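These notes concern the structure reproduced below.
Just so it is clear, the model here is predicted, and its values are computed rather than measured.
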Amino acid sequence: MIQIDVFEAQSQFLEIIERILRGEEVIIAQNEEPVIKMIAIEKPKKQRKFGSAKGMIILADDFDEPLEDFAKYM
């Protein structure tokens, strides 16, 4: 995060935008008091589509059968 004076921000606008796009947070101050906070907008996450993984996962017929390794605990 950086804090910069409003008049300095005017002359360095493109550099400030580049820093924000790299993930930095920029605070613009007027008379040494923070007045504006600039951050990049996050891209919205893609909406999940119901059933999009159909056929990608296959369960064996004996999926719920007891395991031999655990026979002594049963």
According to a 4.5 Å side-chain heavy-atom criterion applied to Ile, Leu, Val, Met, Phe, Trp and Tyr, with indirect links allowed, do Met38 and Leu21 form part of one hydrophobic cluster? yes
If you round to the nearest 0.5 Å, how far is CD of Glu24 from CD1 of Ile16? 10.5 Å
Taking it one step at a time, do Val35 and Val6 satisfy side-chain contact (heavy atoms from CB on, under 4.5 Å)? CA-CA 9 Å; Val35 291; Val6 68; 6.0 Å; no
Please round to the nearest 0.5 Å and tell me the distance separating atom NZ of Lys49 and atom NZ of Lys54. 12.0 Å
Locate the shortest heavy-atom distance separating Ile28 from Ala9; write the atom from each residue and the value. CD1-CB, 3.6 Å
Using the rule that two of Ile, Leu, Val, Met, Phe, Trp, Tyr join whenever any of their side-chain heavy atoms come within less than 4.5 Å, decide whether Ile4 and Met1 are in one cluster. no
Decide whether Phe13 and Ile2 are clustered together by the hydrophobic rule: side chain heavy atoms of Ile, Leu, Val, Met, Phe, Trp, Tyr closer than 4.5 Å, transitively. yes
Of all heavy-atom pairs between Ile20 and Ala40, which one has the smallest distance, and what is that distance? CG2-N, 3.4 Å
Crowding at CG, Asn31 (>12 non-hydrogen neighbours, <6.0 Å): no
Rounded at 0.5 Å granularity, tell me how far CD in Glu25 sits from CD in Gln3. 11.0 Å
hydrophobic_cluster_shared for Leu67 and Phe63, side chain cutoff 4.5 Å: no
